[in-house]
Amino acid sequence: SETTTGIAVRVLDSLGQPAEGALVHLRPDGWSPDTAHPQLDPYPTALAGPDGLARFVSVPAGWWRAEAVHGVRAATGL
């Protein structure tokens with residue numbers, strides 16, 4: 001069976017404060033957005049809580065990269 005682990009990522013804003021609500025994507029090391037298809041992205045995503053922590057449970061063991069997005073509003077009705 002494959003080994004799994006938990007990962008926690010703390011996201012801070014430009015002032016060093018917790019970035020509550022930041023969207024954090026966990027990607028395997030070596031992942032490239034050039035080859036990814038957004039609708040088929042199987043990797044975990046989590047929201048940072050009030051303390052800036054985004055938690056991932058049962059992640060396959062290995063090297064991972066976290067990418068966070070904060071303060072961006074999605075445009076609708078365009």
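Side chains included, hydrogens not; waters and symmetry mates left out as well; all remaining heavy atoms used.
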Item to complete: Any chance you could measure L53, atom CG, to E20, atom CD, to the nearest 0.5 Å?
Response: 11.5 Å

Worksheet entry | ILVMFWY cluster membership beyond L47 - transitive side-chain contacts under 4.5 angstrom | L23

In a table with atom names and distances, give each donor-acceptor pair under 3.5 Å that connects a side chain of residues 57-69 to protein atoms at least two apart or in another chain.
unit_1: W64; atom_1: NE1; unit_2: P60; atom_2: O; d: 2.9
unit_1: R65; atom_1: NE; unit_2: E67; atom_2: OE2; d: 3.1
unit_1: R65; atom_1: NH2; unit_2: W31; atom_2: O; d: 3.2
unit_1: R65; atom_1: NH2; unit_2: E67; atom_2: OE2; d: 2.9

Response to the item:
Here the pair of heavy atoms bringing F56 nearest to V9 is CE1-CG2, 4.4 Å

Discussion item. Run the side chain to side chain contact (heavy atoms under 4.5 Å, CB included) test on Y43 and L26 for me, step by step, so that the C-alpha distance in whole Å, both residues' side-chain angles and the decisive distance to 0.1 Å come before the verdict.
Written reply: CA-CA 6 Å; Y43 303 112; L26 203 57; 5.6 Å; no

Response to the item:
Across all chains, not counting sequence neighbours, the salt bridge (charged side-chain N to carboxylate O under 4.0 Å, His left out) partners of D51 are R55

I'd like a table of donor-acceptor pairs (distance under 3.5 Å, sequence neighbours excluded) in which one partner is a side-chain atom from residues 11-19, with atom names and distances.
unit_1: D13; atom_1: OD1; unit_2: L15; atom_2: N; d: 2.9
unit_1: D13; atom_1: OD1; unit_2: G16; atom_2: N; d: 3.1
unit_1: D13; atom_1: OD1; unit_2: Q17; atom_2: N; d: 2.9

